[in-house]
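All values derive from a computational prediction rather than experimental measurement. What's counted below: heavy atoms across the whole structure, side chains too, no hydrogens, waters or symmetry copies.
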Amino acid sequence: MQITWQIVRLQLKETFSISYGSYSFREALIVSLSKNGKTGYGECTAIDYYGINLSDFTQKLAEIQALIEKQSINHPSEFYAFLESLQLHYFLRSALDCAYWDLFGKLENKSFLELNSIEIKQLPESSITISVAPIEEQLQKIAKSDWNKFKVKWNHYDEKALDLLLNCKKEIALDANGSFSISECQQLEENPASAQFTYIEQPMKIGISNYSHLNANKFANWMADEDCQEQTKLSDLKSHYKTINIKLVKTGGLTPALELIKEARANDFKIMIGCMTESTVGISAGSVLVPLVDYVDLDGANLIANDIAFGSTIEKGKVLLSEKVGLGISLK
């Protein structure tokens with residue numbers, strides 16, 4: 001097996017603003033694993049508020065390249081155990097795990113769904129993200145869009161904007177990116193109108209000292225994003241969040257995501273498959289889990305102007321799964 005990698009700059013169609021800052025591009029690490037003329041692809045992006053530095057990852061890949069290339073082609077669970085032994089950052093481990101699933105499926109001439117006996121019954125639609133802006137501008141973007149579901153980013157609590165969104169007659173979710181206070185969250189969860197939002201994501205800054213104040217049994221459908229990462233115990237979240245957001249990079253890849261989905265179902269959580277701002281490489285990996293979840297937020301590739309790959313796509317919210325083997329990814 002051979003490994004190569006490259007860093008690419010993904011240019012956003014427009015400046016994207018969240019509570020952590022504004023961005024006009026994202027850098028992404030694309031990992032390629034090859035064997036017998038077949039190549040699998042994985043991706044992770046540089047996210048400053050996660051402390052991700054892609055140059056650290058490329059240095060690490062150079063250090064472990066020989067170890068990776070010595071690996072025999074076995075089931076992805078065995079390759080993942082090998083990756084865990086290397087004690088890699090979970091973003092990098094995710095890129096390698098997804099690349100291996102793509103390669104393994106291509107070598108076996110089977111899709112990820114076939115390899116995991118996943119049936120497609122009904123695919124929930126994806127939301128598209130409306131970045132932080134004055135509420136009037138956000139409402140204009142929603143009105144002009146041909147998508148059906150929207151995730152609206154906020155960087156502060158705004159009672160007026162709350163009412164306007166509730167009355168815009170669209171399917172709306174809120175993403176606070178940790179910008180709400182304890183008292184504001186308590187006000188929201190006591191308000192019956194909060195149940196009209198599909199979910200309210202990561203209302204406060206990460207940590208049990210904050211989310212311990214949330215009550216999952218009240219009106220708001222609280223969703224854990226940064227509070228649900230690789231080492232998170234779902235039992236700690238159960239009384240406080242109704243829903244978890246699984247992003248492959250913060251979970252460590254497809255292999256642990258499958259296990260996390262099983263655990264979440266056993267604990268009666270609703271589940272969303274989410275993404276960073278990433279290309280069709282990363283979106284295709286996340287898309288194979290759509291048949292297993294309740295909510296979808298896989299609009300990352302729709303936000304960039306220079307997508308680098310072919311694969312599964314999201315068109316006006318509809319999830320169009322690639323019919324090709326592996327994860328269905330090829331580079332342009």
Quick one: do the Ser55 and Asn53 side chains pair a donor with an acceptor below 3.5 Å?
yes

Ala285 versus Leu254, closest heavy-atom pair with distance:
O-CD2, 3.5 Å

Okay, side chain of Lys110, backbone of Asn116: is any donor-acceptor separation there less than 3.5 Å?
no

Can a side-chain donor-acceptor contact be found between Asp299 and Ser126 if the only test is distance below 3.5 angstrom?
no

Going by an N to O cut-off under 4.0 Å, is there a salt bridge joining Glu278 and Arg26?
no

Between Arg265 and Asp294, is the closest basic N to carboxylate O distance under 4.0 Å?
yes

Testing the basics here: between Val8 and Gln6, what is the closest heavy-atom pair and its distance to 0.1 Å?
CG1-OE1, 3.6 Å

Dump the intermediate steps for side chain to side chain contact (heavy atoms under 4.5 Å, CB included) on Leu96 and Leu61, then the final yes or no.
CA-CA 10 Å; Leu96 288 162; Leu61 287 173; 4.2 Å; yes

Does Lys38 come within less than 4.0 Å of Asp102, counting only side-chain N to carboxylate O?
no

Out of curiosity, Asp225 CG to Thr243 OG1, how far, rounded to the nearest 0.5 Å?
12.0 Å

Tell me whether the count of non-hydrogen atoms from other residues, nucleotides or ligands lying under 6.0 Å of NZ in Lys141 goes above 12.
yes

Has the side chain of Ser72 got a donor or acceptor atom that lies under 3.5 Å from a matching backbone atom of Asn74?
no

If we ignore hydrogens and angles and just use 3.5 Å, is the side chain of Thr251 paired with the main-chain N or O of Ile246 as donor and acceptor?
no

Would you say Lys270 and Lys242 make side-chain contact, with heavy atoms under 4.5 Å?
no

Worked check of side-chain hydrogen bond (donor to acceptor under 3.5 Å, both in side chains) between Tyr100 and Gln71:
CA-CA 11 Å; Tyr100 191 83; Gln71 295 302 302; over 6 Å; no

No-hydrogen, no-angle side-chain donor-acceptor test under 3.5 Å, Asp227 and Gln202
yes

Can you find a pair of side-chain heavy atoms, one from Leu292 and one from Ile118, that are under 4.5 Å apart?
yes

Sidechain-backbone polar pair: Ser322 side chain, Lys324 backbone, donor-acceptor under 3.5 Å:
yes

State yes or no: do Leu234 and Tyr199 share one hydrophobic cluster built from I, L, V, M, F, W and Y residues joined by side-chain heavy-atom distances below 4.5 Å, directly or via other members?
no

Say whether Trp222 and Tyr211 are linked into one hydrophobic cluster, either directly or through other cluster members, by side-chain heavy-atom distances under 4.5 angstrom.
yes

Within 45 degrees of the axis of the six-membered ring of Phe310 and under 6.0 Å from its centre: does Lys332 put its NZ or CZ there?
yes

Does Asp163 offer a backbone N or O that forms a donor-acceptor pair with the side chain of Asn167 under 3.5 Å?
yes

Parallel, tilted or perpendicular, judged at 30° and 60°: which one describes the rings of Phe104 and Trp101?
perpendicular

Out of curiosity, Ser181 OG to His156 NE2, how far, rounded to the nearest 0.5 Å?
12.0 Å

Interatomic spacing from CG in Asn210 to SG in Cys185 - rounded to 0.5 Å
8.5 Å

Can you confirm whether Thr39 sits close enough to Leu331 that some side-chain heavy atom of one is under 4.5 Å from a side-chain heavy atom of the other?
no

With no hydrogens and no angle check, just 3.5 Å: does a side-chain donor-acceptor pair link Gln65 and Glu69?
yes

Could you check whether any side-chain N or O of Lys250 sits under 3.5 Å from a backbone N or O of Glu226, counting only pairs where one atom can act as donor and the other as acceptor?
no

Determine, stepwise, if the pair Glu114 / Glu108 fulfils side chain to side chain contact (heavy atoms under 4.5 Å, CB included).
CA-CA 10 Å; Glu114 291 176 298; Glu108 294 289 315; over 6 Å; no

Is any side-chain heavy atom of Leu237 less than 4.5 Å from a side-chain heavy atom of Asn267?
no

Please answer: with hydrophobic residues joined when any side-chain heavy atoms are less than 4.5 Å apart, are Leu103 and Leu86 in the same cluster?
yes

Report the distance from atom CD1 of Ile304 to atom CZ of Arg9, rounding to the nearest 0.5 Å.
13.5 Å

For Met1 and Ile68, the nearest pair of non-hydrogen atoms, with its separation, is CE-O, 3.4 Å

Check whether any side-chain heavy atom of Phe57 lies under 4.5 Å from a side-chain heavy atom of Leu88, and answer yes or no.
no

What is the minimum heavy-atom distance between Val31 and Ala95, and which atoms define it?
CG2-CB, 4.1 Å

Could you walk me through whether Phe150 and Thr198 pass the side chain to side chain contact (heavy atoms under 4.5 Å, CB included) check?
CA-CA 9 Å; Phe150 302 89; Thr198 312; over 6 Å; no

Between Leu29 and Leu54, what is the shortest heavy-atom contact and its length?
N-CD1, 3.7 Å

Ile135 vs Leu165, test: side chain to side chain contact (heavy atoms under 4.5 Å, CB included). Steps then yes/no.
CA-CA 8 Å; Ile135 184 61; Leu165 286 172; 3.8 Å; yes

Using side-chain heavy atoms (C-beta onward) and a distance below 4.5 Å, is Lys218 in contact with Ser194?
no

If you round to the nearest 0.5 Å, how far is CG of Leu123 from CG of Leu320?
9.0 Å

Full working for side-chain hydrogen bond (donor to acceptor under 3.5 Å, both in side chains) between Asn148 and Glu125:
CA-CA 8 Å; Asn148 297 315; Glu125 283 190 28; 3.1 Å; yes

Decide whether Ser179 and Asn155 meet the rule of one side-chain donor and one side-chain acceptor closer than 3.5 Å.
no

Would a hydrophobic clustering, with Ile, Leu, Val, Met, Phe, Trp and Tyr connected at side-chain separations under 4.5 Å, put Phe25 with Ile283?
no

More than 12 non-hydrogen atoms from neighbouring residues, nucleotides or ligands closer than 6.0 Å to CD on Glu159, yes or no?
yes

In the single-linkage hydrophobic clustering (I, L, V, M, F, W, Y; side-chain heavy atoms under 4.5 Å), do Leu327 and Ile73 co-cluster?
yes

Here the gap from Leu162 atom CG to Tyr157 atom OH, rounded to the nearest 0.5 Å, amounts to 5.0 Å

Identify the residue among Lys149, Met272, Glu171 that makes a side-chain contact (heavy atoms from CB on, under 4.5 Å) with Ser127.
Lys149

List the atom of Gln229, the atom of Tyr90, and the distance in Å for their closest heavy-atom pair.
OE1-OH, 2.8 Å

Under 3.5 Å donor-acceptor, Asp307 side chain and Thr280 backbone
yes

Can a donor-acceptor pair be found, under 3.5 Å and without considering hydrogens, that links the side chain of Asp97 to the backbone of Tyr80?
no

Side-chain contact test, heavy atoms from C-beta onward, threshold under 4.5 Å: evaluate it for Ser312 versus Leu321 and give yes or no.
yes

Does CD in Glu323 sit with more than 12 non-hydrogen atoms of other residues, nucleotides or ligands closer than 6.0 Å?
no

Tell me if a side-chain donor or acceptor on Gln138 pairs with a main-chain N or O of Val152 at a distance below 3.5 Å.
no

Any donor-acceptor pair under 3.5 Å from Glu259 side chain to Thr255 backbone
no

For a 4.5 angstrom cut-off between non-hydrogen side-chain atoms, does Met276 reach Phe91?
yes

Taking atom NZ of Lys13 as the centre, does the number of heavy atoms from other residues, nucleotides or ligands within less than 6.0 Å exceed 12?
yes

